[in-house]
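Below: the structure, in structure tokens.
Computed from a predicted structure; not experimentally measured. Chain A is the first sequence line, chain B the second, and so forth, proteins listed ahead of strands; every chain is numbered from 1.
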Protein chains: 2
Amino acid sequence: MQRDLVFKALADPTRRLMLDELSERKEQTLYELTARLIMRHEIAISRQALAKHIDVLEQAGLVSSEKRGKYRMLVFNDEPLRSVVNRWLK
Amino acid sequence: MQRDLVFKALADPTRRLMLDELSERKEQTLYELTARLIMRHEIAISRQALAKHIDVLEQAGLVSSEKRGKYRMLVFNDEPLRSVVNRWLK
DNA sequence: ACCATACGCAACCAACTAGTTGCATGTCAA
DNA sequence: TTGACATGCAACTAGTTGGTTGCGTATGGT
């Protein structure tokens, strides 16, 4: 969609780590992702900070989310990545 | 090389415009590029600001530069782009 | 009904960033 | 040599960003 939002989203290492996790397990709740990031990658960060990151990723179209009960399900979407680099690669 | 520098470099729309120009005409001086950006794309920005952007792009490995007389020759390099997106695309 | 839990919202803060202006330097042509 | 010109360097500034803390809300199990 909007190139700018995609690149801005990718500029942060924490968000890229989140994409790493989400590209591995395509569907997980925000809670799962948060726990996974803190435990497996030992990053010291609050839940709210990660939620803000998810908002950024969602605005860029890299993640879509859906409220399911009290959980927020997250799904990774690689389409923006493909379309965005085609400008310079051939 | 360093993923972080590449993504940070790509986060700015002006720098992406510079890459557009450089990917079209692979070799041009900083002066040419500056003139081209200001005239053809009508961006209002100083020479010094563009020079700083080039520094960022060069640190990311997306552009290499070489002093040739009083000019600074710029060359576009797409290799970092390829290696950097392979993590999520298959 | 109750309460733990998964999440949303908002205010605040320090650090970074993109931009500017001003001045210095080196190169080339006349 | 002199001067125009392409570039480099440094200080400063406004705006953005990633993070925090504190509190509110809705959902689901017991």
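- A close approach under 4.0 Å does not occur between any side-chain nitrogen or oxygen of S46(B) and OP1 or OP2 of dG19(C).
- Partners of E66(B) under the side chain to side chain donor-acceptor pair (under 3.5 Å) rule, at least two apart in sequence or in another chain, are R68(B).
- Rounding to the nearest 0.5 Å gives a distance of 5.5 Å between CD of E21(A) and CG of L37(A).
- With rounding to whole Å, M18(A) atom CE is found 12 Å from dG18(D) atom P.
- Summary for the helix from dA1(C)-dT30(D) to dA30(C)-dT1(D): the axes at its two ends, each from 5 pairs, differ by 30° when rounded to the nearest 10 degrees.
- Comparing dG18(D), dA18(C), dT20(D) against the side chain of D12(B) picks out dA18(C) as the nearest.
- For I45(A), whose side chain is taken as the heavy atoms from C-beta onward, the closest listed nucleotide among dT20(D), dA18(C), dG19(C) is dT20(D).
- Scanning for side chain to side chain contact (heavy atoms under 4.5 Å, CB included) contacts around S23(B) gives W88(A), F76(B), with sequence neighbours left out.
- Between G69(B) and A11(B), the residue anchored closer to the 5' end of DNA chain C is A11(B), taking for each the nucleotide with the nearest heavy atom.
- In this structure, CZ of R15(A) is placed 12 Å from C1' of dG19(D), rounded to the nearest angstrom.
- With sequence neighbours excluded, the residues satisfying side chain to side chain contact (heavy atoms under 4.5 Å, CB included) with A35(A) are M39(A).
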- If a protein heavy atom is under 4.0 Å from the base, mark B; if only from the sugar-phosphate, S; if neither, -; do that for nucleotides 6-13 of chain D going 5' to 3'. SBBB----
Which donor-acceptor pairs under 3.5 Å do side chains of residues 6-14 of chain B form with protein atoms, sequence neighbours excluded?
residue, atom, partner, partner atom, Å
K8(B), NZ, D4(B), OD2, 3.2
D12(B), OD2, T14(B), N, 2.9
D12(B), OD2, R15(B), N, 3.2

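- Partners of E32(B) under the side chain to side chain contact (heavy atoms under 4.5 Å, CB included) rule, at least two apart in sequence or in another chain, are Q28(B), T29(B).
- Here salt bridge (Lys or Arg N to Asp or Glu O under 4.0 Å) pairs that include residues 45-56 of chain A, with residues two or more places apart or in two chains, are D55(A)-R72(A).
- Straight-line distance from the NZ atom of K8(B) to the P atom of dT17(D): 13 Å, rounded to whole Å.
- Listed by chain and number, the residues in a salt bridge (Lys or Arg N to Asp or Glu O under 4.0 Å) with E42(A) amount to none (sequence neighbours excluded).
- Residue R68(A) is out of contact with every strand shown, counting any heavy-atom pair closer than 4.0 Å.
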